[in-house]
Amino acid sequence: MNSGGGAYVDSGGGTPPGSRRTWSSGGGAPPGSHPNQKPTLGNARRVSGDGVAARGHLRQLGLALAVAAVALPGALPGSRGEPDAVAFLVWLALVAPAAGAVAGAIRLAIWPHAAVVPGAWMLMFVAVDALGARDLATPIWAALAVMGLFAAGFAVGRLVPISLRWRAPAAVLAVTVAAVLAPVAGAVLRAPWPAEASARLLDLSPATLLAESAGVDWLRHPAVYDAAGAVDIDPRSRSPYAPALAGGIAFVLGCTFAAAAEAFARFRSGRSAPTAA
């Protein structure tokens, strides 16, 4: 008789000396066991692994939000006391590629963590566009162009060795700032660049890409018209970007570069990993 609800069952009507008996469970536990057993080593490791994964996820999410915060200065109210969507886009043109390079250099996962950065920017963009007096004609294409710039920067940061993770974003930032400011250098020089040079510099400027993707007449904008010598630029030598074409191409190319860089980095990491003998 067993008080735990189970019983021994003889397999053949008798129990010869030295033979084993089968335990029949009836709600109890066999001798030597305890109903409140501790978790097995495998369960403990699985729980510990889940906790580590959750902390890693939160860490990457925090880093992504920190990178996204670089857009906040562009969303501040301007001289008119309200945010300016065009100023916000110009600020993103300055910082988006370098922010992408930082995200790639610190090895943010391309999805979902790195995608949090431009996602947060789009929320800011919607708020700035709603609060400002200026209405943009095609903001969606400008948003896609911003994502493309970020993704292109991510590709650069993802490809550099970890030992150079801060040099790559610095180099990307320097090149981007030069590309944005070069067309309007006439504001600090005695005269703007020659008309043909100004036209080409405007074509290469990320600010031109974002502004014209949003439907802004960038050549006639007060910040550009005199500084770039737009009055001397022949319309036959430069025409504004088509918003859908420019924004769409920037988005596709940037995302393609980012995906290719991620795949190549993983391939390179797999080849350099030691193999078991």
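Just so you know, these numbers come straight off a predicted model, no measurement behind them.
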Student: Please find the pair of heavy atoms, one from L209 and one from A246, that lie closest to each other, and give the distance.
Tutor: CD1-CB, 3.9 Å
Student: Tell me every residue that passes side chain to side chain contact (heavy atoms under 4.5 Å, CB included) with A261, counting only those two or more places apart in sequence or in another chain.
Tutor: A155, R158, L159
Student: Using the rule that two of Ile, Leu, Val, Met, Phe, Trp, Tyr join whenever any of their side-chain heavy atoms come within less than 4.5 Å, decide whether I110 and I106 are in one cluster.
Tutor: no
Student: Should V86 and L72 be counted in the same cluster of Ile, Leu, Val, Met, Phe, Trp and Tyr side chains packed under 4.5 Å apart?
Tutor: yes
Student: Would you call W166 and V160 a side-chain contact if the rule is heavy atoms closer than 4.5 Å?
Tutor: no
Student: Quick one: CG on L149 to CZ on F251, what's the gap to the nearest 0.5 Å?
Tutor: 12.0 Å
Student: I need the minimum non-hydrogen distance between A64 and V117, along with the two atoms involved.
Tutor: O-CG2, 3.4 Å
Student: Between W121 and F150 (judged by ring centroids, cut-off 6.0 Å), do the two rings come close enough to count as a pair?
Tutor: yes
Student: Taking all heavy atoms of P183 and all of A179, pick out the closest pair and write down the distance.
Tutor: CD-O, 3.2 Å
Student: Okay, side chain of S205, backbone of L201: is any donor-acceptor separation there less than 3.5 Å?
Tutor: no
Student: Nearest 0.5 Å, please: how far is SG in C255 from CG in L144?
Tutor: 8.5 Å
Student: If you group Ile, Leu, Val, Met, Phe, Trp and Tyr by side-chain heavy-atom gaps below 4.5 Å, do V70 and V180 land in one group?
Tutor: yes
Student: Where is the tightest heavy-atom contact between M124 and A68, given as atom of each residue plus distance?
Tutor: CE-O, 3.7 Å
Student: Under a single-linkage definition using a 4.5 Å side-chain heavy-atom cutoff for Ile, Leu, Val, Met, Phe, Trp and Tyr, are V177 and L202 assigned to the same hydrophobic cluster?
Tutor: yes
Student: With a 4.5 Å limit on heavy-atom distance, are the side chains of D129 and L136 in contact?
Tutor: yes
Student: Considering residues at least two apart in sequence or located in another chain, which fulfil the salt bridge (Lys or Arg N to Asp or Glu O under 4.0 Å) criterion with D234?
Tutor: R236
Student: Hey, is the main chain of E196 close enough, under 3.5 Å, to the side chain of S237 for a donor-acceptor pair?
Tutor: no
Student: Counting distance only, does the side-chain N/O of R165 pair as donor-acceptor with the main-chain N or O of I162 below 3.5 Å?
Tutor: yes
Student: For the backbone of G215 and the side chain of T138, can you confirm whether one donor and one acceptor N or O come within less than 3.5 Å of each other?
Tutor: yes
Student: Answer with yes or no whether the hydrophobic clustering places V216 together with V90; edges join I, L, V, M, F, W, Y residues whose side-chain heavy atoms lie under 4.5 Å apart.
Tutor: yes
Student: With rounding to the nearest 0.5 Å, note down the distance linking CG in D226 to NE2 in H221.
Tutor: 12.5 Å
Student: Can you give me the closest heavy-atom contact between A143 and M122, atom names plus distance?
Tutor: CB-SD, 3.1 Å
Student: Please report the shortest heavy-atom distance between A145 and S213, naming the atom on each side.
Tutor: CB-OG, 4.1 Å
Student: Kindly indicate whether the side chain of L92, heavy atoms from C-beta on, has any atom under 4.5 Å from the side chain of L210.
Tutor: yes
Student: Roughly how far, to the nearest 0.5 Å, is the CG atom of L253 from the CZ atom of F257?
Tutor: 5.0 Å
Student: Whether the side chain of W193 engages the backbone of A182 through a donor-acceptor N/O pair (distance < 3.5 Å, no angle test) should be reported.
Tutor: yes
Student: Using modelled atom types and a 3.5 Å cut-off, is there a donor and acceptor pairing between side-chain atoms of Q60 and backbone atoms of R107?
Tutor: yes
Student: I'd like to check V231 versus Y225 (side-chain heavy atoms, cut-off strictly below 4.5 Å). Are they in contact?
Tutor: yes
Student: Can you check whether A265's main-chain N or O pairs, donor with acceptor, with S269's side chain at less than 3.5 Å?
Tutor: no
Student: Does Y241, at its OH atom, have more than 12 non-hydrogen atoms belonging to other residues, nucleotides or ligands within less than 6.0 Å?
Tutor: yes
Student: Less than 4.5 Å apart, any side-chain heavy atom of T176 and any of P206?
Tutor: yes
Student: With a 4.5 Å cut-off on side-chain heavy atoms, are P139 and F125 touching?
Tutor: yes
Student: Any non-hydrogen side-chain atom of W91 less than 4.5 Å from a side-chain atom of P73?
Tutor: yes
Student: Do the side chain of E212 and the main chain of A242 share a donor and acceptor less than 3.5 angstrom apart?
Tutor: no
Student: Kindly compute the distance separating CG (L58) from CG (L63), expressed to the nearest 0.5 Å.
Tutor: 11.0 Å
Student: Rounded to the nearest 0.5 Å, how far apart are CG of L89 and CH2 of W218?
Tutor: 9.0 Å
Student: Do the side chain of S198 and the main chain of G229 share a donor and acceptor less than 3.5 angstrom apart?
Tutor: no
Student: Determine whether R238 and T208 satisfy the following criterion, side-chain contact (heavy atoms from CB on, under 4.5 Å), listing intermediate values before the conclusion.
Tutor: CA-CA 12 Å; R238 187 190 186 277; T208 302; 3.1 Å; yes
